[in-house]
Amino acid sequence: MKMDKKDLKPIKLNGQKDTLVPGLSRRSFFMAAGAAGVGSAASLLTSTSAQAQSTDWTQPGNNNHVIELQNSTSFPEGAVNIEYFGHCAFKITSPSGASVVVDPWRDDPSGAWGLWYKYKFPETVTDITLSTHTHFDHDAIDRPVSTMVLDRMVGTFEFADLKITGFADKHVCMAPGYYNWTNALAEFGVEACAPNNVGHMDMVVYLIETGGIRTLIWGDNRADPDPGFWEAIGQVDVLTLPVDGSEHILSYEQGNAIVDRLKPKVVIPTHYLNETTTYTLSTLRNADEWVKSQKSFKMLDSANLSLNAADVSGMDREFMYFGSNVTTA
């Protein structure tokens with residue numbers, strides 16, 4: 001029987017209209033698609049074009065580099081490169097050229113926490129993107145042009161000459177500094193501290209091993225992790241630690257205690273104000289005072305740090321401070 005295209009009355013199912021839009025049911029819609037053509041039927045629904053929820057699919061490039069590394073049977077020895085993008089964001093590149101971007105940042109999309117950054121996180125090309133937790137200043141995982149995304153990964157991941165281990169713990173829940181930002185969570189009606197903390201206060205600390213160097217990404221983890229944490233971490237060569245002049249995440253005392261316990265070869269301050277990326281509205285301050293109070297420190301003059309395992313092995317808690325030197329593109 002030939003269907004009249006004008007006969008598109010809603011069909012009743014179990015006594016109820018199957019209504020999609022006024023005058024058009026789902027079944028009528030598909031009947032229209034067959035009789036009038038899919039394009040014509042779709043135009044009945046909306047005059048605007050469909051939009052994807054993510055822009056990741058529009059990024060340039062492909063996974064050719066990952067395939068090349070995947071097919072490699074041996075990897076060279078050499079230096080590990082650490083590139084700083086501001087705040088807690090680093091790009092770590094192995095001797096083979098495998099790369100990891102950690103904690104890309106963005107402004108809080110709700111606007112509740114104000115304007116922190118002067119520009120969007122660069123669309124840097126990388127093989128892997130990591131995020132330690134879901135706070136806006138650590139989770140712009142859509143910004144790097146990345147083949148793989150490991151968001152709050154717990155456990156072990158190995159690829160090429162990289163080994164990444166994620167340890168689950170908890171975010172700092174009591175602000176040690178002058179600005180009690182943790183009070184806001186109580187205002188939102190949620191608990192900040194374990195064991196009943198809200199989910200966004202969960203944390204993952206990452207240990208990245210490559211080129212004979214073990215780098216620990218502390219993120220915003222609390223100063224007093226659960227028992228067994230320290231033993232699981234083991235020896236640390238490079239430690240990134242969130243200490244700034246406002247003591248927003250860790251206090252000077254807490255930061256020093258972590259350094260004394262882990263005894264890393266190199267310490268890199270993070271989560272501080274720098275004039276290149278960050279506005280003072282963040283309430284952060286620089287890390288100059290903390291760095292200059294250490295027995296040995298170096299004020300770096302670029303956003304790139306190249307480290308060889310042989311050189312690092314002879315160091316002892318050497319502070320290396322990027323200051324306002326960051327990669328912006």
Lys91 side, atom NZ; Thr129 side, atom OG1 - distance, nearest 0.5 Å: 9.5 Å
Joint hydrophobic cluster, Leu273 plus Tyr117, side-chain heavy atoms closer than 4.5 Å: yes
Asp237 side-chain N/O to Arg214 backbone N/O, donor-acceptor pair under 3.5 Å: yes
Pair Ser99-Thr93, side-chain donor/acceptor within less than 3.5 Å: no
Contacts under 3.5 angstrom, residues 259-267 side chains, donor-acceptor by atom type, not counting sequence neighbours:
residue : atom : partner : partner atom : Å
Lys263  : NZ   : Asp260  : O            : 2.8

CG on Leu130 to CZ on Phe157, rounded to 0.5 Å: 9.0 Å
Step-by-step side-chain hydrogen bond (donor to acceptor under 3.5 Å, both in side chains) determination, Asp103 to His87: CA-CA 9 Å; Asp103 278 0; His87 203 60; over 6 Å; no
Trp116 and His248 aromatic ring geometry - parallel, tilted or perpendicular at 30°/60° bounds: perpendicular
Residues Lys295 and Asp316 bridged, charged N to O under 4.0 Å: yes
Lys118 atom NZ: more than 12 heavy-atom contacts under 6.0 Å: yes
Separation between CD of Glu191 and CG of Asn196, rounded to the nearest 0.5 Å: 5.0 Å
Ion pair check, Asp139 and Arg143, cut-off under 4.0 Å: no
Whether His138 and His271 hold their rings parallel, tilted or perpendicular, with breakpoints at 30° and 60°: tilted
Flag, side chain of Asn325 to backbone of Phe322, donor-acceptor distance under 3.5 Å: yes
Any donor-acceptor N/O pair, His135 side chain to His200 backbone, under 3.5 Å: yes
Step-by-step side-chain contact (heavy atoms from CB on, under 4.5 Å) determination, Val145 to Glu123: CA-CA 6 Å; Val145 181; Glu123 290 186 305; 4.0 Å; yes
Shared hydrophobic cluster for Val154 and Ile164 (ILVMFWY, side-chain gaps under 4.5 Å): yes
Main-chain N/O of Glu68 paired to Ser72 side chain as donor or acceptor, under 3.5 Å: yes
Salt-bridge criterion met for Arg106 and Asp137 (N-O under 4.0 Å): no
ILVMFWY cluster membership beyond Tyr279 - transitive side-chain contacts under 4.5 angstrom: Leu115, Leu281
Mind listing the side-chain donor-acceptor pairs of residues 296-308 below 3.5 Å, one per line with the distance, residues two or more places apart or on another chain?
residue : atom : partner : partner atom : Å
Ser296  : OG   : Glu318  : OE1          : 2.5
Ser296  : OG   : Glu318  : OE2          : 3.2
Ser302  : OG   : Asn304  : N            : 3.2
Ser302  : OG   : Asn304  : O            : 3.1
Asn304  : OD1  : Asn81   : ND2          : 3.1

Closest contact, heavy atoms only, Trp105 versus Gly86: NE1-O, 3.3 Å
Intermediate values then yes/no, side-chain hydrogen bond (donor to acceptor under 3.5 Å, both in side chains), Gln294 and Asn256: CA-CA 9 Å; Gln294 306 301 324; Asn256 290 337; 3.2 Å; yes
